[in-house]
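Remarks on the structure that follows.
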Amino acid sequence: MAAERMAMAKALNSSLRKALESDPKVLVMGEDVGKLGGVFRITDGLQKDFGEDRVIDTPLAESGIIGTAIGLALRGYRPIAEIQFDGFVYPAYDQIVTQLAKMHARSLGKVKLPVVVRIPFGGGIGAVEHHSESPEALFAHVAGLKIVAPGNPADAYWMLQQAIECDDPVIFFEPKARYWDKGEVDTAGIPGPLHAAKVVRPGTDLTLVAYGPTVKTALAAAVAAEEDGVSLEVIDLRSVSPIDFDTLQWSVEKTGRLVVAHEAPVFFGAGAEVAARITERCFYHLQAPVLRVGGFHAPYPPARLEEEYLPGLDRVLECVDRALAY
Amino acid sequence: MAAERMAMAKALNSSLRKALESDPKVLVMGEDVGKLGGVFRITDGLQKDFGEDRVIDTPLAESGIIGTAIGLALRGYRPIAEIQFDGFVYPAYDQIVTQLAKMHARSLGKVKLPVVVRIPFGGGIGAVEHHSESPEALFAHVAGLKIVAPGNPADAYWMLQQAIECDDPVIFFEPKARYWDKGEVDTAGIPGPLHAAKVVRPGTDLTLVAYGPTVKTALAAAVAAEEDGVSLEVIDLRSVSPIDFDTLQWSVEKTGRLVVAHEAPVFFGAGAEVAARITERCFYHLQAPVLRVGGFHAPYPPARLEEEYLPGLDRVLECVDRALAY
Amino acid sequence: MTVERTAPRAKPRRAATKKTTTAAARKRPPRPEMVQLLTPEGERVEHPDYALETTPGQLRGLYRDMVLTRRFDAEATALERGGERGRGPSLRGQEAAEIGSGRAVRDVDYVFPTSGEHGVAWCRGVEPTLLLGMFRGVNHGGWDPNSNNFHLYTIVIGSQALHATGYAMGVAKDGSDSAVVAYFGDGASSQGDVAEAFTFAAVYNAPVVFFCQNNQWAISEPTERQSRVPLYQRAAGYGFPGVRVDGNDVLAVLAVTRAAAEHVRTGQGPMLVEAYTYRMGAHTTSDDPTRYRRDEELEVWEAKDPILRLRRCLEREDAADEAFFADLERESDTMARRVREAIRTMPDPDGMAIFEHTYADGHTLVDEERAGYAAYLAGFADHGAGHGHEGV
Amino acid sequence: MTVERTAPRAKPRRAATKKTTTAAARKRPPRPEMVQLLTPEGERVEHPDYALETTPGQLRGLYRDMVLTRRFDAEATALERGGERGRGPSLRGQEAAEIGSGRAVRDVDYVFPTSGEHGVAWCRGVEPTLLLGMFRGVNHGGWDPNSNNFHLYTIVIGSQALHATGYAMGVAKDGSDSAVVAYFGDGASSQGDVAEAFTFAAVYNAPVVFFCQNNQWAISEPTERQSRVPLYQRAAGYGFPGVRVDGNDVLAVLAVTRAAAEHVRTGQGPMLVEAYTYRMGAHTTSDDPTRYRRDEELEVWEAKDPILRLRRCLEREDAADEAFFADLERESDTMARRVREAIRTMPDPDGMAIFEHTYADGHTLVDEERAGYAAYLAGFADHGAGHGHEGV
Ligand SMILES: Cc1ncc(C[n+]2csc(CCOP(=O)(O)OP(=O)(O)O)c2C)c(N)n1
Ligand SMILES: Cc1ncc(C[n+]2csc(CCOP(=O)(O)OP(=O)(O)O)c2C)c(N)n1
Ligand SMILES: [Mg+2]
Ligand SMILES: [Mg+2]
């Protein structure tokens, strides 16, 4: 039996190790990923075991990291690039949206870029500026990228495996506040499709969608709501591009109500796309407008204010109440 | 009488000239903005009249353009930076979202950055890759920025004046396919608020929202629909951040139907935010889901395919028909 | 191989071109800042670091490459003027830089162009008409980079320097002795990506030749807007050699690029070559150089024309006869016809092509949009020409 | 003022530190790669290009600056270990680089720090406790840059080099003789933004001193991961002078930075100073240097400690008595107490502060969200502690 209880950080580390073992073309690269094992220790021990040639400390230049990862992919490698924190991905934004996302199309399919960009994202860790952002919408709008975010250790392990195997570029958002949360990981299991949403708690009164760090909050909200006699169906979206609208539709046709929770600012966030499309698909089923709860239209605040800024349990429940009030 | 018929390009040029005349702190900077007058000639003649010290040809580095514009603003200047084409703004993305958007908040209001970033955007000019994109959603999600896009010469003139006067950073998207369209510009007039949407054609059956290059398409659609006996109310959104939801709500409460048209890809585009929020505000008034028509989830295609890709008259009307069919 | 490094200097010093040289002087000429092996008058000169043996056949080959490249470029530009869509940069004047460097590398080497190296593409054996698709607006490139080890054109300036560096890091990992060449312009040298490429290449000792075509202009901006010292000097600060070569001298470019490729493939890390040349035409068909540069400048550079220069050499060395030039003109005409024909018959892509190739492994949203658009088109088929209002 | 420029070299050469020098030798010492005016033993040495006259009072002042800076840093770091939130880099070992440069500039000059130049902030007269807000997590900086001509800390490495350059371009436009100083680390030198800043500053002849604190490490990466030649050499390739100074020698840093500031404010364009120093502590409290560097390295650098060095000089030159050192210790203790107290009593910001300062001129969405959140909070006031489930 390969099932084991482990933290998400460990699951990611095991998944990277597995990939490095199974495919000599897989590379890990980024700032401090070598001897230090990354600032979150996700790459701990990998350079020791696979060498400096495969686990590569890079100069401190994010555009350079992604740009050279593209070049390595053109040469037949499968680079997994780490961006140290969400707020440091922007210097690489041009390489990601203009080159990584578009080169397959530019070549009419002749070039494939199997590059994974790992980004620890989200807040709740009491950090200084730029260390707590949720930029997924800024990538989801861009065709040519796939965007996923695991919500638990098992998904972290398997979704990373699948992202590495994928022939398209994948932005892999890791909920850093959940790195040390533990869960069962069955490394011998057979994972479902990478881009499928999952009902992580069935319910009947309202569908609550979350991904990454907010899945835990959503589950807690469902427990709390149950005490109040309300049955929430919690869906872990898992993939932000593409979005599994079929699963959402199926759920909303049943519950008639939908709330979307994410840490990113609500304005132009993933919730907007979910709301727009589900409203179109379920117009006659919805008994309330799709409501969104998430970050405010403000830069991510200093640590002492992040509880106010983030969609915590109370704000999620208040939003659920509002949706139920229709 | 200061009213005059002129092309949008000329209106923008006059507006820049006016700003350079009225405030010695105003600077124009960018690639080829000097002797050449910009690749679209929007800055034509300005360097000749205001000197190299105020109309500045920069090295070919977009991050450098925005980064030094920020420094100049810190020194008390009001730089107007030109990005040559939409697809070349991404190297400056980090400076825009991490510095330009956030420095006012970082300083708790002590620092103001009155920087205008002018970007010719949108397609329809038969250009090669990267010259026809509509990246406004990628900026609207970021708090600290204001995003506007004029749809006609008069708005181009006045909105640019207002953007330059604004103490916040403004991303000013210019619909390049409309540069040579003419319209009445009253330079002595009194403009409305910068961020207010405008009803540009009243109607009763359905509200059609557009901005920038699609306003013209929307107006044409309204004319065509009228022939079919359908009355469209066309709203020029003008501002993408903030969005004037009040005007939209007022219109939708009347018409009960809303279609949003933009060139940007629909997925995670401005239409999603409009749909989500208007559905929330007008839940009991909407007789159909808010529908969106725009670019597909694909890189902007080669010129010979752009008519298929863009939301032209037929695609807009088909979307209107679908909304009316509910 | 040694490469000169000099202190920064405000104005680039021009290499002296002597009309007559004694044998002794030819043996040990002063080391000029710019490597030149052929004067504008078509006379051979020697350089202490770069020697080049050539046969008459090779000289004729280089001449043919340059003439055909110029013709191809002229033809493509004329078609645009004639109302064809798209805008492509003109390379007129830069044929020696492209052909010299393009012929210096081997098949196993890998080239990352910027967006107009038709001459290099020609040397790599890329079918010329393939290059036209993107300027005609039927695709964004679309050739297979691996067929000729010639990457797609990259329009966003400077980006490809990083791709080339990453590719070269891979070459080093593979233990291969391929050299990688990254082209970029004087304007592009200001982009952060190029600097980062220098950093990565130096730190990883990547086998990449950075080949900068300094054609004096970035659209309307002179090179002084990018740097106050010669661009080749930038390399030293990153820990690798840089050299300036007369970019209108196909022999010097060939010799220097060959040496640079040898330098990188023998594990010595990257090298920068600055080809000092001139863009004789407008930047694109919608550009207007009279706004920013003076006719005299063009005249000066016309005297240094790379094709004229090699023709003088061919004549001087009796390496080509009338028949050769006549044949070449015919070949050139034929090629021009072929280009015009190819453009004229280039089919427009099918509308549904928008939904191809965004992803290699598929994406449900694309599937949904493809189906939706097909249904939309089918609607027209059912009901005639739809509303019939197309054309805004 | 002349500045040495040498050819690239794989390993940085250490400046020789002699124990005894004859008067003749002191007059014309060989020009070392690194400028040093004070040996680790506290002995003065001369440099052909950089002279520095000092009074005992000035030496004591520099010593006091460094001691208080180290104490402030230690106190801030200890508070974090004690469970206070936030993570800030430690500057231990870099006091000479910060105080020497901080004291070299005038009030009218303008400083752009990266994110931990507490020593420079001290020199600028910034109230020390203001610096703690961001590491305590109550704000992102929040001081007024114009109060002390000391910009906000910038965390995204390298970005501020461009802000400083733009600011300097403005200074030049104003005809002012202010100098601008941009700080950044060895790691940050790899960022494209720093290269673009070099380009802009050189092209516009902007009065900016680029001050690179090369503390040998970027978190776990040694400087060789950023460059294979000494960093000061990068400047020459952009057309301006670069110089390496012993960053643990406060006198040399003072002299060199003063000369650099003079260079830029007299219209000669930018200059790069590389202060060769060492980060003695961990990068942050959550860093673990034992994973990537060896104890012996730390020992070597402890012998070069900047504070110890100046103390030896003070003693050697009889420039300070026991009372001075005792007073300073008391002052240092008082300051530490004040810092602890300031941290302890620092009020948490009000939740509604989230809706302030995103815009200077307002934004309707912010207004709407502010109102919505206020109503949400009012809901709790009405109904007690809400669901009472906070804490996920
Ligand atoms: C990032 C970016 N910014 C702007 C442009 C627009 N542009 C295309 S070519 C060009 C000039 C390039 O000059 P140079 O690098 O010298 O190359 P040349 O065209 O002279 O060969 C510019 C500004 C671009 N393609 N990419
Ligand atoms: C763009 C960006 N990438 C990554 C980081 C994370 N980070 C913070 S400090 C640091 C090391 C910086 O090294 P260096 O420039 O040498 O400065 P030092 O901390 O040594 O003073 C890194 C990688 C960052 N702040 N910004
Ligand atoms: Mg050029
Ligand atoms: Mg460092």
Side-chain angles (χ1 to χ4, degrees), chain B residues 31-41 44 57-64 84 87-88 90-91 124-131 214 216-221 223-225 227-228 266-267 296-309 312-319 321, chain C residues 85-88 115 133-141 155-159 185-193 218-221 225-227 284 286-288 291-293 348-358 363 365-366 368-370 373 376 379-380 386-392:
Chain B
E31 298 165 7
D32 303 298
V33 298
K35 281 221 180 79
L36 184 63
V39 293
F40 288 108
R41 308 292 183 268
D44 195 24
D57 274 328
T58 63
L60 269 59
E62 285 75 9
S63 188
Q84 203 161 72
F88 306 144
Y90 307 114
I125 63 160
V128 293
E129 205 186 347
H130 315 295
H131 290 68
T214 49
K216 184 174 177 179
T217 317
L219 286 168
V223 171
E227 290 170 22
D228 297 348
V266 165
F267 195 58
F296 297 111
H297 191 67
Y300 195 91
R304 297 269 161 173
L305 287 175
E306 64 183 340
E307 266 180 30
E308 278 78 6
Y309 181 89
L313 188 50
D314 279 337
R315 280 183 58 216
V316 170
L317 287 170
E318 187 264 354
C319 190
D321 285 350
Chain C
R85 269 170 162 184
R87 307 193 306 166
S115 64
M134 104 187 233
F135 299 103
R136 161 81 180 184
V138 303
N139 57 45
H140 292 317
I155 289 180
V156 175
I157 58 175
S159 310
D186 47 303
S189 73
S190 294
Q191 288 285 350
D193 272 9
I219 308 186
S220 74
E221 300 189 8
R225 217 24 19 178
Q226 320 298 333
S227 181
T284 63
S286 63
D287 181 29
D288 175 9
R291 283 176 169 252
Y292 53 81
R293 71 184 189 191
D348 275 356
D350 185 85
M352 298 306 289
I354 290 173
F355 307 98
E356 301 307 313
H357 305 311
T358 300
H363 190 283
L365 176 61
V366 174
E368 201 178 300
E369 290 188 343
R370 187 193 293 109
Y373 192 65
Y376 162 79
F380 285 106
H387 295 270
H389 301 294
E390 204 53 78
V392 168

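Here is how names work: the chains are called A, B, and so on, in the same order as the sequence lines, proteins then strands, and each is numbered from 1.
- B:R304 places a side-chain heavy atom less than 4.5 Å from the side chain of C:P349.
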Stepwise, does the side-chain contact (heavy atoms from CB on, under 4.5 Å) test hold for C:I155 with B:F88?
CA-CA 10 Å; C:I155 289 180; B:F88 306 144; 4.2 Å; yes

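- Here the closest non-hydrogen pair linking C:Q191 and B:P91 is OE1-CB, 4.3 Å.
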Could you please spell out the steps behind the side-chain contact (heavy atoms from CB on, under 4.5 Å) verdict for B:Q84 and C:I219?
CA-CA 12 Å; B:Q84 203 161 72; C:I219 308 186; 3.8 Å; yes

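- A salt bridge links C:R291 to B:D44: at least one charged side-chain nitrogen sits closer than 4.0 Å to a carboxylate oxygen.
- The shortest distance between side-chain heavy atoms of B:L36 and C:D287 falls below 4.5 Å.
- Looking at C:I354, both its backbone and its side chain come within 4.5 Å of chain B, counting heavy atoms on both sides.
- Not one N or O on the side chain of B:E308 forms a donor-acceptor pair closer than 3.5 Å with the backbone of C:G351.
- Not counting sequence neighbours, the partners of C:F355 by the ring pair (Phe, Tyr, Trp, His ring centres under 6.0 Å) test are B:F296, C:Y373.
- Applying the ring pair (Phe, Tyr, Trp, His ring centres under 6.0 Å) criterion to C:H363, with sequence neighbours excluded, gives B:H297, C:Y359.
- Contact of C:D288 with chain B is made through backbone and side chain together, with heavy-atom distances under 4.5 Å.
- Interatomic distance, OG of C:S190 versus CD of B:E62, reported as 10.0 Å (0.5 Å rounding).
- Closest approach of B:P302 and C:G137 over heavy atoms only: CB-O, 3.2 Å.
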As a quick check of understanding, evaluate side-chain contact (heavy atoms from CB on, under 4.5 Å) for C:H140 and B:V128, giving each step before the final call.
CA-CA 7 Å; C:H140 292 317; B:V128 293; 6.0 Å; no

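- Both the backbone and the side chain of C:V156 come within less than 4.5 Å of a heavy atom of chain B.
- For the atom pair B:L60 CG and C:Q226 CD, the distance stands at 5.0 Å (nearest 0.5 Å).
- Summarising the geometry of C:R225 relative to B:D57, their closest heavy-atom pair is NH1-O, 2.9 Å, with the distance given to 0.1 Å.
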Should C:Y376 and B:D314 be marked as a side-chain contact (heavy atoms from CB on, under 4.5 Å) after you check the CA-CA gap, both sets of side-chain angles, and the distance that decides it?
CA-CA 10 Å; C:Y376 162 79; B:D314 279 337; 3.2 Å; yes

